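In what follows, chains carry the letters A, B, and so on, assigned in the order in which the sequence lines appear, proteins first and then strands, with residues in each chain numbered from 1. We use all heavy atoms of the structure for the numbers below, so side chains are in, but hydrogens, waters and symmetry mates are not. The model shown is predicted, which means the values in this text are computed figures rather than measured ones.
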Amino acid sequence: MVRTRFAPSPTGYLHIGGARTALFNYLFAKRNGGTFVLRIEDTDLERSKIEYEKEIINDLKWLCLDWDEGPDIGGNYGPYRQSERSDFYIKELNKLVDKGMAYKCYCTEEELEVQRKLQLKEKKPPLYDRRCLKLTDKKKQEYISQGRRPSYRFMVPHKFLDYVDLIHGKMNVDTSLISDPIIVKSNGIPTYNFACVVDDYYMGITHVIRGDEHLDNTPRQILIFEALGYNYPHYAHIPMILAPDRTKLSKRHGATSVRELKDMGFVPEAVINYISLLGWSPKENREIFNILEIIERFDFDHILDHPAVYDIEKMKWFNHYYISNILTSEEIIGYLKLLGIDAEVDVMKYRQIVDFEKSRVYLLHEFVEVFNIVNTNFIEYDLSDKSVTQFVNVLKTIYDDLSTMDLSSVQAVKDGLRLIQQKHGLKTPDLYKPLRLALTNKLEGVELPKIIYLIGKENLLKRVQNFIDFVDKKSKV
RNA sequence: GGCCCUGUCGUCUAGUGGACUAGGACACCGGCCCUUCAAGCCGGAGACACGGGUUCGAAUCCCGUCAGGGUCACCA
């Protein structure tokens, strides 16, 4: 039985890399009929916030990455927050102490910091020298009376460790190069490498799928598993997602959190499809896959072992493709409402605008522009560097024709416009440009006949008249 | 600095010793369509980091160089 987990720490929003890690864990579990668990790693008391946990859960739900066990829904291997699992950690720490594989360290953070800097300065690897292992009882008493609280370190057995990474293949590590990690802090709270091992064991995790930045943690964790006498899970380290400047993705790069993507007008299906193809690719020569098709094809053989650079332009194309070719207008309206976009136009028009526009939209909020154009009562013209006197002349000439035009359908509008063209000997751009500018204050956008159909005759005439007045007034000044 | 990982068009990638004149997608450029602008359709340009091997034959295997990334916390 396959069991995978996504284990975020609630110290910030879910970002694109985390989402991809969650996705791969989800995919592997689903592909193998296994279980996907969500575990919250909140051992950093200062930085962990319950709000972030809620945000991460919301974002995962938005992406439809459902878990089978987690802090919100429970399960047989709970609790699912590390802050609620102290009993497990204490029990396992005692085992290590009894075996002589963990020891108390009385060094202060400041002392450690000084030593580390010194080693780095001498261009030596910063290794802990195990000085607290040789402490006399007298010295210990002295530290204790000073009020020092010990942390616990894991005593790393020095050897050559062989293991297999499902993506990178055979690994061989000289563990004498690994510093004894602190596994329980002086405040009694376990650190990542220890809590992670204990939880992966007790939660029955069979496959640990995580980013490459954890590659160096793996030997430490395997060693702790071995010291405890437990079998360790399979490890699969997936390539990192890098920003366009080829460095680790961070807030300063912008548009990296799932929340931002959602607010920008991305649709979850497109985000999932795009990130699934970052570091993984199916055999077929195509790129559009729904989640079921991805699950069907997902395997470790086609996961790359080099990092991928994140390109938001390509993700926009996926978004465009999903909006125009895959999602129904109802689904799009659902997402618009989720964004709080509830245009003050009637239901029929809302639906019509979505139908008209979906084939050209890249980001959801582009619909808003159209809503606004249709809905507004007053357009503030910005004609700074457009030459408009000719436009006004055309509009004055055709004003009467517009007032008698049939607006009952888009086709009727098209026919009407063509008649006007013929009557006055106007080329298409000569008619369309002035009209578009008068109606929308723009020279590009939705198909003009659709706009005219949507706003209706009263608005059409009002806007054209306003435009003429505006330009006349301006030219007098 | 030590250790680890990695190098195919600008970007995501196909490629597992011969089918490679290195394929696809985004972006870019050009054209078509046309009832504007888009969208769509068609086409173009664009890469095996470098140097040595191994081999009849290397993008593919080996070594070196260079480059990029990660990590060495009482963060996770």
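If you take atom C1' in B/A67 and the same atom in B/G31, they sit 40 Å apart, rounded to whole Å. Only the C1' atoms considered, B/C4 is 48 Å distant from B/C42, to the nearest whole Å. B/A58 and B/G18 have their C1' atoms separated by 10 Å, with the value rounded to a whole Å.
Within the 4.0 angstrom heavy-atom criterion, no nucleotide atom of any strand lies near A/Lys283. Backbone-only engagement by A/Met240 is indicated by non-hydrogen atom pairs under 4.0 Å involving sugar-phosphate atoms exclusively.
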Can you list the steps and then say if A/Glu92 with A/Tyr202 is a side-chain hydrogen bond (donor to acceptor under 3.5 Å, both in side chains)? CA-CA 11 Å; A/Glu92 298 304 310; A/Tyr202 278 103; 2.6 Å; yes
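The separation between A/Ile451 atom CD1 and B/C37 atom P is 16 Å, rounded to whole Å. In this structure, CD of A/Glu122 is placed 16 Å from P of B/G1, rounded to the nearest angstrom. For the pair A/Glu53 CD and B/A76 P, the interatomic distance rounds to 16 Å; values are reported in whole Å. Computed from coordinates, the A/Arg297 CZ to B/A14 C1' distance equals 16 Å when rounded to whole Å. Separating the CZ atom of A/Arg148 from the C1' atom of B/C74 is a distance of 13 Å, rounded to the nearest angstrom. Summarising the geometry, the separation between CZ on A/Arg220 and C1' on B/C72 is reported as 7 Å, rounded to the nearest angstrom. Atom CD1 of A/Ile452 and atom C1' of B/U36 are 11 Å apart (whole Å). The CG-C1' distance, from A/Asn217 to B/A76, rounds to 8 Å in whole Å.
A sub-4.0 Å separation between OP1 or OP2 of B/A76 and a side-chain N or O of A/Lys185 is present.
Among pairs with a residue in residues 165-194 of chain A, those fulfilling ring pair (Phe, Tyr, Trp, His ring centres under 6.0 Å) read A/Tyr192-A/His214, at least two apart in sequence or across chains.
Looking at A/Leu402, A/Val392, A/Asn459 one by one, the single match for side-chain contact (heavy atoms from CB on, under 4.5 Å) with A/Val464 turns out to be A/Leu402.
A cation-pi arrangement, defined by a distance under 6.0 Å to the six-membered ring centre and an angle within 45 degrees of its axis, is present between A/Arg20 and A/Phe24.
Set against B/A39, B/C74, B/U36, the side chain of A/Ser186 has B/C74 as its closest nucleotide.
Taking the six-membered ring where tryptophan is involved, the planes of A/Phe298 and A/Phe300 are perpendicular, since the angle between them exceeds 60° and thus also 30°.
Checking A/Tyr335 against A/Glu269 by side-chain atom types alone, a donor-acceptor pair falls below 3.5 Å.
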Between protein and nucleotides 4-12 of chain B, map the contacts as a letter string: B base, S sugar-phosphate only, - none, heavy atoms under 4.0 Å, written 5' to 3'. SSSS---SB
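In this structure, B/C41 and B/G31 make a Watson-Crick or G-U wobble pair, each of the two defining distances being under 3.5 angstrom.
Where A/His214 and A/Leu120 each meet RNA chain B at their nearest nucleotide, the meeting point lying more 5' is that of A/Leu120. In terms of position on RNA chain B, the residue among A/Asn285 and A/Thr191 whose nearest nucleotide sits closer to the 5' end is A/Asn285.
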